[in-house]
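Data block below; observations after.
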There are 2 protein chains.
Amino acid sequence: MKLSLAEENYLKAVYHLSAEGETEVSTNAIAEEMQTKAASVSDMMRRLSEKELVHYKKYQGVRISNDGARAALQVVRKHRLWEVFLVEKLKFSWDQVHEIAEQLEHIKSPLLIKRLDEFLGHPKYDPHGDPIPDENGEFKEKPQIPLSSTNLNDDGIVVAVKDTSPVFLQHLDRIGIYLGAKIKTIEKTEFDGSMEILIDQKNKLFISKEVAQNVLVTN
Amino acid sequence: MKLSLAEENYLKAVYHLSAEGETEVSTNAIAEEMQTKAASVSDMMRRLSEKELVHYKKYQGVRISNDGARAALQVVRKHRLWEVFLVEKLKFSWDQVHEIAEQLEHIKSPLLIKRLDEFLGHPKYDPHGDPIPDENGEFKEKPQIPLSSTNLNDDGIVVAVKDTSPVFLQHLDRIGIYLGAKIKTIEKTEFDGSMEILIDQKNKLFISKEVAQNVLVTN
DNA sequence: TTTAATTTTTAGTTTAATCTAAATTTAGTT
DNA sequence: AACTAAATTTAGATTAAACTAAAAATTAAA
């Protein structure tokens with residue numbers, strides 16, 4: 001099935017929204033995610049549902065179909081592989097790659113993606129710690145919990161970030177938190193949810209609740 | 001100036017056609033090059049001329065403007081850099097890269113192209129021997145003449161091909177002609193324009209007039 | 001130099017994707 | 001249960017890019 005750029009983007013939005021919450025996704029939520037209007041979403045959902053990429057009942061929200069999820073995962077795969085390429089090979093920082101990958105993810109050539117994957121050494125995670133689906137759409141998420149819900153004296157490794165916006169990523173760079181950093185929780189403040197942590201057994205750091213909630217670690 | 005995909009493609013077509021012949025390009029020639037209809041071309045030329053990217057007088061054909069040439073050259077630069085990437089890094093053969101580069105050339109990110117250029121070591125020529133314009137649109141074509149018009153016992157190096165179609169490139173691969181090959185002309189047949197040549201001082205080969213006209217060498 | 005053939009343009013449709021405004025459905029609250 | 005507020009869909013317009021068919025301009029030929 002050949003999808004237009006707009007169709008791919010809507011499908012991706014539906015996929016992402018259903019991945020992180022309910023299976024039924026609301027028209028408004030999609031409009032918000034896509035920076036567009038609800039009317040446009042309704043229209044597109046009607047069309048995607050004709051192509052059986054989503055299940056759609058008027059006024060009831062949409063649910064992604066198997067075919068739809070498969071297509072969305074291929075776009076996600078391409079997006080994340082390109083992000084790895086940009087960071088590993090072209091020396092971009094992790095806060096710069098999303099926009100460019102948004103464009104590159106729509107390039108249509110299965111062979112290109114196969115070769116790119118080989119060239120990069122079959123990476124399993126992108127620069128933000130998100131898993132890269134394989135050719136069949138399979139992937140394994142690393143077990144990850146927000147730094148904010150670790151216990152005192154817990155040791156953990158930063159495996160991903162929840163918020164991938166440039167401002168947040170740049171903030172992490174500035175304070176010295178990066179993917180793979182070893183983190184020990186030294187103190188948690190009840191009052192405002194802020195924490196004191198130790199990075200790589202060297203640097204003590206105070207971080208806000210907001211930061212702690214958006215940094216994901218394994219233990 | 002932000003150009004749509006269609007605008008970039010038309011501009012490129014005008015640029016290529018004026019590069020290899022007259023400065024005035026006909027509506028029909030563009031339609032042919034773009035696999036579209038003359039009516040669509042007229043429409044687009046009107047729009048491109050409003051943006052001052054081409055000079056256009058009804059019924060008189062179009063001429064690319066300075067701004068237009070600048071824009072076209074940036075697209076050409078991107079196309080050829082991506083071709084180098086595909087061949088050098090992703091191990092594509094020279095007959096496979098055009099279609100994919102047609103898509104990649106429209107990715108919009110000056111920084112991406114800067115980094116890609118660095119990553120590739122600032123290549124001057126693409127896998128077909130065509131010159132890659134720099135950031136300012138400057139480039140130097142290698143002096144090149146068709147193999148068919150070399151003299152007997154002339155030595156030359158293959159620097160480019162005139163025809164870049166997959167069938168022709170695959171044929172060259174099959175008979176053992178490649179970019180950089182050292183070629184000596186052994187014999188020229190008046191009757192049909194075919195030639196006998198020696199490749200890399202080792203392999204004797206008979207080639208047709210058609211092949212000889214489309215292989216370009218320096219001497 | 002008039003006519004015929006060719007090329008090019010215009011006019012009018014079509015499709016995908018968007019929008020605004022109006023109508024409709026669902027959900028929440030007395 | 002009725003009403004209001006919010007969410008969603010429909011209707012109607014708009015824009016970019018294409019097309020076909022018809023009109024107009026240019027070029028070539030008699």
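Throughout, protein chains are lettered first and strands after them, A, B, ... in sequence-line order, and every chain is numbered starting at 1. Please read these numbers as outputs of a predicted model, since none were measured by experiment.
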Lys37(B) NZ to dA11(C) C1', in whole Å, measures 17 Å
Nearest whole Å is fine: how far is dA7(D) P from Met45(A) CE?
18 Å
Is the phosphate of dT9(C) approached by Ser42(B) (side-chain N or O, under 4.0 Å from OP1 or OP2)?
yes
Separation of dA16(D) atom P from Met44(B) atom CE, nearest Å, is 10 Å
For the side chain of Tyr59(A), counting heavy atoms from C-beta on, which of dT9(C), dT20(D), dT26(C) is nearest?
dT26(C)
On DNA chain C, check which nucleotide each of Ala39(A) and Ser4(A) is closest to and give me the residue with the more 5' one.
Ser4(A)
Residue Lys114(B) excluded, over 12 heavy atoms near NZ under 6.0 Å:
no
Please tell me which of the listed nucleotides, dA18(D), dT9(D), dT26(D), lies nearest to the side chain of Gln60(B)?
dT26(D)
Without decimals, in angstroms, what is the distance between Leu3(A) CG and dA17(C) P?
10 Å
For Thr27(B), which contact category applies under a 4.0 Å heavy-atom criterion: base, sugar-phosphate, or nothing?
sugar-phosphate
So does Glu50(A) pair up with Arg46(A), basic N to acidic O under 4.0 Å?
yes
Side chains of Asp192(A) and Ser194(A), donor plus acceptor under 3.5 Å
yes
Taking the side chain of Lys58(B) as heavy atoms from C-beta outward, which of dT18(C), dT9(C), dC19(D) is closest to it?
dT9(C)
Report yes if a side-chain nitrogen or oxygen of Thr36(B) is closer than 4.0 Å to either non-bridging phosphate oxygen (OP1 or OP2) of dA17(D); otherwise report no.
no
Using whole Å, what does the distance between atom C1' of nucleotide dA16(D) and atom CD of Glu7(B) come to?
9 Å
Met34(A) CE to dA17(C) P, in whole Å, measures 11 Å
Taking NZ from Lys57(B) and P from dT26(D), how many angstroms apart are they, rounded to a whole number?
12 Å
Between atom CG in Asn28(B) and atom C1' in dT27(D), what is the gap in whole Å?
14 Å
Is there a donor-acceptor contact under 3.5 Å linking the side chains of Asp67(A) and Ser65(A)?
no
So does Tyr10(B) get a side-chain nitrogen or oxygen closer than 4.0 Å to the phosphate oxygens (OP1/OP2) of dA16(D)?
no
Is it the case that the side chains of Asp126(B) and His79(B) hold a donor-acceptor pair, with the cut-off being a distance below 3.5 Å and no angle test?
no
Just to be sure I understand the rule, does Asp43(B) reach a base, reach only the sugar-phosphate, or reach nothing, if contact means heavy atoms closer than 4.0 Å?
nothing
Which base sits across from dA2(D) as a Watson-Crick or G-U pair, both distances under 3.5 Å?
dT29(C)
What is the nucleic acid contact for Ala6(B), judged by heavy atoms within less than 4.0 Å: base, sugar-phosphate only, or nothing?
sugar-phosphate
